[in-house]
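A short write-up of the structure that comes next.
Remember, predicted model here, so these are calculated numbers, not experimental data.
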Amino acid sequence: MSSHLKTEYAYAVAKATTGVNAESVGANPAGLTVIGFKAALVAALALSAIAAGNAQAGTTGSISLTSDYLFRGVSQTNQELALQGGIEYAHDSGFYVGAWGSNISWLSDTVVVGDDISSSLELDGYLGYRGKAGEIFSYDVGVLTYYYPGDYPGGFNSPNTTEIYLGGTLAPSDTVSVGLKYSYSVTDLFGYADSDGSGYLDANLNWTFQPTWTLNLHGGKQWIEHNKAFEYTDWKLGVTKSFENGVSIAAAYSSTDAEEALYTNAHNNFLADDAFTLTVSKAF
C-alpha cells in the first residue's frame with residue numbers, strides 16, 4: 001500500500017501558519033535533499049527486508065523508485081526522485097496494520113524567519129478494517145498518521161497529521177473496479193493553521209484492458225478548513241504494466257487547478273503543475 005495522500009508545500013504552510021510574507025521565505029541548503037534521500041533509502045531497505053523475511057500469509061511489502069513523489073497532485077520532493085517502501089500485515093478477520101516511508105523535501109525547502117526546518121523524511125502508520133458486502137462491493141475504514149521527524153522553529157504549526165478514512169469499491173468484473181474514498185483530518189492538516197476537519201475526496205477507476213496492463217484514472221478534491229484559497233482539485237491518467245516476478249512499471253500524467261502563486265516554492269517551482277511521472281515497484 002502506498003501513501004494515501006500527502007501535503008501541501010511548505011511555502012504555503014509557512015504562510016498559513018506563521019503569517020510570514022513570501023519575501024521572508026528562502027531556499028534551504030541543498031544538502032538536506034541528499035540527507036533525505038539517504039534516510040529514505042535506509043528506511044525503505046529496512047522495510048523491504050522485513051517484508052521479505054516475513055513473507056507469510058497476510059504479510060506484504062513493496063519498495064518503489066519514482067521520478068517525483070506526487071501526493072494529491074502536489075510534488076513532495078521538489079519534482080525530484082523519491083525512494084519509498086512499505087509493509088502491511090492483514091489478518092483473516094479483515095483487520096490490517098501497516099507502515100510506509102519516503103524521502104521528502106517540501107518542509108526542508110523552506111526557511112521561516114531565518115530558521116531552518118530540517119525534515120527530510122515521511123513515516124506513515126495506519127490500521128483499519130476491510131470487508132465485503134455482497135459479491136462485487138468491498139469497503140475499507142481506517143486511520144492513518146503522517147509523521148515528519150525533524151527540527152522546526154518555535155511557533156511553527158506541526159505538519160504531523162492524522163486522518164480517518166472510509167472507502168468503497170465496486171468491482172463488477174475481474175477487469176474493472178471503481179472506488180471512492182473520503183479522508184477526514186482529526187488534526188490540523190499538514191501544518192495549516194486551524195485546519196482540523198479538512199477533507200479529501202478520492203475517486204478511482206482501474207481497467208485491465210489487456211492481461212498485465214491496467215488503465216488508471218483518478219480524480220480528487222482537497223478541502224482545507226479556514227484556508228480556502230489553498231483548496232484545489234486534481235486528476236491523473238496513467239497505465240501500469242505488471243510482471244509475474246512482482247515488478248510493476250507505472251507511467252502517469254497528472255494535473256491540478258491549484259493557485260500557482262500559492263504552490264510555487266522558494267526554488268520557483270510550481271509544485272502542483274502538470275507532471276509526468278514514472279514509477280518502478282517491486283512487491284514482496
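- At a cut-off of 3.5 Å, with distance as the only test, a side-chain donor of Asn204 or Asp202 sits close to an acceptor on the other residue.
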Start with the C-alpha gap between Tyr192 and Phe230, add the side-chain angles, then the distance that decides, and say whether ring-ring contact (aromatic ring centres under 6.0 Å, His included) holds. CA-CA 10 Å; Tyr192 285 101; Phe230 294 94; 5.2 Å; yes
Test side-chain contact (heavy atoms from CB on, under 4.5 Å) on Leu65 and Thr279 and set out the steps. CA-CA 6 Å; Leu65 180 66; Thr279 303; over 6 Å; no
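- Two rings, from Trp213 and Phe243, have their centers 6.0 Å or more apart.
- Tyr232 contributes atom OH, which lies 9.5 Å from atom CG of Asp257 (distance to the nearest 0.5 angstrom).
- Checked against salt bridge (Lys or Arg N to Asp or Glu O under 4.0 Å), Glu231 has the following partners two or more places apart in sequence or in another chain: Lys228.
- With rounding to the nearest 0.5 angstrom, the CG atom of Asn245 is 10.0 Å from the OG atom of Ser242.
- Checked against a 6.0 Å centroid threshold, the rings of Phe276 and Tyr253 do not count as neighbours.
- In Asp274, the CG atom is crowded: over 12 heavy atoms of neighbouring residues, nucleotides or ligands sit closer than 6.0 Å.
- To the nearest 0.5 Å, atoms CG (Leu278) and OG1 (Thr66) are separated by 7.5 Å.
- Of the residues Leu166, Leu201, Ile164, the one that meets the side-chain contact (heavy atoms from CB on, under 4.5 Å) test with Tyr182 is Leu201.
- For an aromatic pair to be called close, the ring centres must be under 6.0 Å apart, and Tyr126 with Tyr165 fails this.
- Within the 6.0 Å centre-distance limit, the rings of Trp106 and Tyr148 are counted as a close aromatic pair.
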The test is side-chain contact (heavy atoms from CB on, under 4.5 Å); show your working for Ser185 and Ser198 and say whether it passes. CA-CA 5 Å; Ser185 64; Ser198 298; 3.5 Å; yes
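- Judged by distance alone, the side chains of Thr145 and Asn160 never bring a donor and an acceptor atom under 3.5 Å apart.
- The side-chain heavy atoms of Gln84 and Trp100, taken from C-beta on, include a pair separated by under 4.5 Å.
- Put simply, the side chain of Asp188 gets close to the backbone of Asp196: a donor and an acceptor are under 3.5 Å apart.
- The pair Lys181-Glu163 fails the salt-bridge criterion, with no side-chain N (NZ, NE, NH1 or NH2) lying under 4.0 Å from an Asp/Glu carboxylate O.
- For Trp223 and Tyr184, the ring centers sit 6.0 Å or farther from each other.
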Test side-chain contact (heavy atoms from CB on, under 4.5 Å) on Asp124 and Glu122; report intermediate values, then the result. CA-CA 7 Å; Asp124 301 343; Glu122 174 188 331; 2.7 Å; yes
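- The ring of Phe190 has its center closer than 6.0 angstrom to the ring center of Tyr146.
- No cation-pi contact links Arg130 to Tyr139, judged by a cut-off of 6.0 Å to the six-membered ring centre and 45° from its axis.
- Atom CG of Leu70 is separated from atom OG1 of Thr256 by 10.0 Å, given to the nearest 0.5 angstrom.
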Before you tell me yes or no, could you show the steps for Thr175 and Thr208 under side-chain hydrogen bond (donor to acceptor under 3.5 Å, both in side chains), namely the whole-Å CA-CA distance, both residues' side-chain angles and the distance that decides it to 0.1 Å? CA-CA 5 Å; Thr175 60; Thr208 303; over 6 Å; no
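- Contact between Ala82 and Thr77 at its shortest, heavy atoms only, is CB-CG2, 4.0 Å.
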